Amino acid sequence: MKAVEIEQRQAAALEEIRAAADERSLDALRAKYLGRKGLVPALMKELKALPPEERPLAGRKANELKVAVQQALTERRRELAEARAHPAAAAASFDYSLPGVWRGTGSRHPISSIIERAVEIFHGLGFTVAEGPDIETEYYNFDALNTPPDHPSRDPQDTFYLSDGRLLRTQTSPVQIRYMEAHPPPVRIVAPGRCYRRDTPDATHSANFHQIEGLYVARGVSMADLKGTLAYFARRMMGPGVRVRFRPHFFPFTEPSVEVDFSCHACGGKGCRICKHSGWIEIAGAGMVDPNVFAAVGYDPDEYSGYAFGMGIERMAMILYGINDIRVFYENDIRFLEQFAQ
Amino acid sequence: MRVPLSWLKDYVEFDDTPGNLAERLTFSGTEVEAVETVGGEYPGLVAAEVLESKPHPHAPGLTVCRVNSGTATLQVVCGAPEVLPGHCYAYAPPGTALPDGTAVATRTLKGIDSHGMLLAEDELGLSPDHSTLLDLGPASPGTPLAEILGPPETVFHLEITPNRPDCLSIIGIAREVAALYGTELRLPGFDLTESARAVEDAVRVSVADPSDCPRYTARVVENVRIRPAPLQMRRRLALCGIRPINNIVDVTNYVLLECGQPLHAFDLELLEGRRLAVRRAGTREAITTLDGEQRDLPAGILTICDDSGPVAVAGVMGGANSQIRSATRTVVIESAFFAPALIRSAARALGLSTESSYRFERGVDPAGVEWASRRAAALIKDLAGGEILRGVLDIYPHPVGPRHVSCRWEAITNLLGVKAGPDEIAGRLAALGLEITERTPRGCTVSVPSRRRDIEREVDLAEEFARLHGLDRIPEPPPRSLVVPDADDTHTRATFALRARLVGLGLREVNNYSLVSPRLLDTFRADDPSSRIILPHPVSHDQSVLRTTLIPQMVVTLGRNHARQAAAHAALFEIGRTFSPGKEEDRLVLGLMGPAGRPPLDRRRAVTIPEMFLWLKGILEALLPANNPSRPWGLSPADIPFLTPGTAMQILVHGQSAGTAGILAPNIAAEWRFAGPVAVAEITLEPLLEDFRRIPSFSPPAQYPAIQRDVAVIVNESVKHEDVLRVIRAAAPKELASVELFDIFKGEAIGSGKKSMAYSLQYRSAQRTLTDEEANAFHAAVIEALRRELAAVVRES
């Protein structure tokens with residue numbers, strides 16, 4: 001066979017291979033060209049019969065045909081395998097815009113999100129979480145927290161009492177007492193939890209709500225430590241530019257006591273709807289642990305000092321997420337919940 | 001409390017804007033909630049004298065007056081109850097406007113022309129009072145109103161914390177301002193000119209129990225004349241929210257606002273036996289109080305009585321039977337210190353909170369009682385004439401002196417974390433009227449006046465220093481980190497991890513109230529009603545029981561979302577606390593509705609009970625992994641009233657009941673009109689957390705290749721997957737690495753009442769490569785056991 005003929009045969013073979021519809025036809029074509037009784041071995045045999053001057057050219061052409069056929073077979077085989085793996089992907093009818101199929105995304109309740117974020121921040125500062133019961137005694141909720149017997153917060157108008165004289169805790173502060181009773185100083189805890197007040201439900205009041213309490217007792221703890229810690233928390237929780245300020249206040253269980261404002265994360269302190277145009281938002285109550293509280297748990301107030309703070313979880317969530325009615329937290333409308341998938 | 005700026009300035013000088021003052025007060029502990037401007041320039045408004053007044057002929061309640069406005073005599077129709085000829089009132093002529101912008105014009109009222117208006121305080125923006133006209137007292141007609149009423153007044157609205165009753169007065173605030181600005185407090189000076197006749201000759205006073213009333217004083221002023229108090233006094237009372245009555249009553253209220261000491265004035269001639277006795281009420285005593293209410297007095301309430309019975313509820317409100325009338329001639333001024341707790345319970349028992357009770361509850365200054373009495377007597381003499389009888393009746397068996405409190409400089413600066421020298425601290429304390437009685441290089445002792453009952457300890461002085469020094473001067477060091485050895489919160493961390501897993505599984509978290517309706521619990525019959533904790537004083541019946549289970553509210557939540565068309569399918573969970581006597585238990589509840597487990601293109605087919613059940617079970621399996629051999633768990637059919645029979649399961653962990661799971665019973669589901677089956681499960685949290693606390697122990701994955709053999713068994717429909725598994729596991733050698741059910745088939749080909757279940761078994765040795773022959777032998781044993789134990793027809797492959 002002359003070199004020209006070999007070239008023609010090569011072109012025909014490649015066309016045949018590219019048109020092969022499946023693996024089976026490819027196998028047949030392989031046998032036809034490369035097999036023992038195929039074209040290539042036949043060509044090799046024929047070479048010897050050619051005149052010596054034609055042999056080198058024909059030989060080269062025969063080799064080229066062999067390599068080209070091998071490559072074409074491999075290539076077509078790959079194409080077929082791909083088409084088999086992704087039959088539609090190759091087609092124009094493949095619709096990538098269909099809804100994805102995997103299980104749906106879940107979501108934390110925003111109250112849990114705030115609690116978990118706050119706890120994570122305090123974990124980083126060496127605080128651990130302490131917990132306590134929802135049903136408390138008057139001792140833990142009031143007496144041990146230096147609340148005078150005739151203090152208005154004890155009023156049955158404001159506090160849910162049970163028929164046995166116990167009550168639903170009005171704050172997470174009783175956890176402070178329980179923890180200090182059970183552990184010697186130093187103490188560094190946060191206590192998130194559910195609290196109850198006998199309020200008529202409205203946009204800002206709910207029969208139960210959540211607080212997170214913090215307590216740090218050691219030698220030499222100062223109000224500056226409290227301020228530094230809350231300033232750090234404010235930046236981590238609300239945003240890097242947020243500042244804190246203290247206003248003097250009164251709580252029975254701390255002395256001195258302060259109310260803590262965060263600068264408005266939404267407007268940067270310039271004044272907006274969220275901060276009621278004041279640039280500041282009241283977030284926490286805090287102070288230095290009153291010596292009478294230390295006395296109640298048997299700590300020596302001359303040796304130890306400490307700070308405590310409490311923050312409303314719903315309040316933080318409302319401010320951070322721009323929610324204006326506390327009741328939505330307990331309605332659990334999925335269209336509300338699904339906005340907090342994070 | 002309201003503080004008019006001009007009144008405050010009577011007692012203290014300072015040079016600052018109202019805005020700055022408000023800020024300094026707020027940041028020193030006296031929170032200014034609002035700063036209000038009251039009154040105005042009143043352009044065109046003048047004083048007008050009423051010359052004549054007569055009832056409107058066609059409209060009862062209206063009066064037709066002729067008034068002299070200084071420039072003209074005009075006819076004005078007026079709706080006030082009392083318009084007295086000869087009195088001067090605020091008058092708005094036609095063409096002027098009220099401070100709120102209302103235009104005044106000539107109008108016809110029931111057929112009679114009214115040329116302008118006579119004004120009440122509310123119309124002038126002075127107070128909310130619309131009950132009477134503003135009586136300007138002696139004024140010449142035509143005088144511009146602004147000249148009489150003075151410039152607009154700035155009023156501070158203050159929130160006083162309960163530890164600072166000394167701040168419930170203008171002087172109390174002035175004392176704070178003086179300390180803030182480093183200026184002097186100026187107490188009002190007055191002369192007390194007394195007559196020769198002694199007070200003892202006019203009235204007798206007794207206190208039954210000095211612990212109820214540690215101090216009681218009485219002074220008498222004779223021959224007074226009752227008339228309106230001067231305009232300035234009435235205006236100040238109105239600015240502070242108190243309605244002016246007459247000169248005597250107004251003086252008692254004025255002094256109350258001025259110094260914080262509540263006073264009461266009795267008409268001596270109305271006191272039976274000319275006697276005041278402080279005693280507890282007996283049974284069946286009653287009084288008509290000054291507000292006109294007839295009140296039965298609870299036994300034990302503290303009262304002031306004359307010889308015939310109660311004439312006042314001590315510290316709360318006086319009685320109508322002894323009140324100051326226009327005919328009153330002799331006045332007894334009561335100034336006292338009543339036990340705070342008694343006044344609080346009295347005010348609560350009567351549902352009556354007054355300016356007096358508010359202050360007595362928080363505690364007045366026992367040392368200030370007598371000063372207030374003198375001040376009131378002097379003012380009454382000034383405004384009502386008469387003579388002050390000599391002396392005072394003062395029952396004060398145990399006088400309260402100043403308290404001495406010591407502090408160490410270093411303790412204060414250490415507690416606050418600030419740098420401050422002894423002089424700075426001492427200076428701040430002295431500025432508050434805490435006299436330094438002793439000073440050493442290490443600290444000082446101060447004398448604390450009796451009005452400051454809140455200062456008892458070193459920390460209290462630290463607070464006083466801090467609030468004057470400025471909390472903004474406390475530095476903000478970066479937080480210290482501290483490791484507390486042995487502090488352990490793995491419980492919380494495990495709960496967070498469990499929540500993360502649930503969210504990862506595609507469930508949404510909800511939060512329901514701890515308080516539920518007993519009716520809702522009854523509907524489910526999920527608890528024992530006798531072990532519910534019921535609130536004796538709930539806000540509403542719907543929130544009157546502490547929840548015993550989380551399931552009912554989960555169903556309500558699903559139902560609400562269904563009704564609102566918020567979502568066609570939902571997979572929800574709540575981690576919450578349940579309550580029973582002596583026990584609070586945290587639990588997890590799951591709730592599924594609609595095609596929650598289906599992919600998007602397969603959500604129109606009706607959801608069947610078995611598939612819904614398996615979705616629920618799938619979640620439980622993800623929470624209680626089967627690969628934790630130390631904690632076997634399973635479902636066991638049970639009789640649970642709120643679940644569909646057959647699907648009702650007890651969740652067993654370690655053989656102990658840990659919860660319930662199943663499909664909501666149709667009769668309960670009907671209440672919320674769900675479109676298909678609803679699945680719920682409730683499980684105690686503790687076993688779920690174990691998995692997150694457990695430290696896994698590693699076993700190396702097998703190195704040698706596995707051999708797979710399938711088997712399909714045709715069995716009766718009643719045979720369960722777990723039965724097949726049990727047989728396979730019992731028959732197979734330890735080389736059985738896994739069993740997986742991969743198909744279930746029912747159909748005519750295998751006969752009715754039958755099903756084919758196909759399993760894939762994997763054999764693998766940890767020591768070597770298994771041969772086909774070995775695998776065949778293992779598999780043959782399994783097949784033999786299946787035939788024998790389950791009467792199965794086996795198709796192998």
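All values reported here derive from a predicted model rather than from experimental measurement. A note on names: the letters A, B, ... follow the listed sequences, proteins ahead of strands, and every chain is numbered from 1. Hydrogens, waters and symmetry mates are skipped; everything else that's a heavy atom, side chains included, is used.
Glu458(B) does not touch chain A: none of its heavy atoms, backbone or side chain, sits under 4.5 Å away. Of the two parts of Asp164(A), neither the backbone nor the side chain holds a non-hydrogen atom closer than 4.5 Å to a non-hydrogen atom of chain B. Both the backbone and the side chain of Val459(B) come within contact range of chain A, each with at least one heavy atom under 4.5 Å from a heavy atom of that chain. Arg164(B) does not touch chain A: none of its heavy atoms, backbone or side chain, sits under 4.5 Å away. Looking at Ile135(A), the atoms closer than 4.5 Å to chain B (heavy atoms on both sides) sit in the backbone and in the side chain alike. For a residue to count as touching a neighbouring chain, one of its non-hydrogen atoms must lie under 4.5 Å from one of that chain's; by this rule Glu361(B) does not touch chain A. With a 4.5 Å cut-off on non-hydrogen atoms, Tyr179(A) touches chain B through its side chain but not through its backbone. Looking at Arg348(B), the atoms closer than 4.5 Å to chain A (heavy atoms on both sides) all sit in the side chain, from C-beta outward. Residue Gln157(A) does not touch chain B at all, counting heavy-atom pairs closer than 4.5 Å. Looking at Asn561(B), only its side chain comes within 4.5 Å of chain A, counting heavy atoms on both sides.
By the salt bridge (Lys or Arg N to Asp or Glu O under 4.0 Å) test, Asp134(A) pairs with Arg169(A), Arg577(B), sequence neighbours left out. A search for salt bridge (Lys or Arg N to Asp or Glu O under 4.0 Å) contacts involving Glu331(A) returns Arg564(B), not counting sequence neighbours. Annotation: ring pair (Phe, Tyr, Trp, His ring centres under 6.0 Å) contacts of Phe127(A) (sequence neighbours excluded): Phe122(A).
Residues of residues 488-496 of chain B that come within less than 4.5 angstrom of chain A, heavy atom to heavy atom, are Asp488(B), Asp489(B), His491(B), Thr492(B), Arg493(B), Phe496(B) in numerical order.
Around the CD atom of Glu410(B), the shell of radius 6.0 Å holds no more than 12 heavy atoms that belong to other residues, nucleotides or ligands.
Counting heavy-atom pairs closer than 4.5 Å to chain A, the top-ranked of the candidates Arg467(B), Arg598(B), Arg344(B), Glu464(B) is Arg344(B).
By the 30° and 60° cut-offs, the orientation of the rings of Phe251(A) relative to His249(A) is tilted.
Between Phe160(A) and Tyr196(A), a ring centre-to-centre spacing not shorter than 6.0 Å is recorded.
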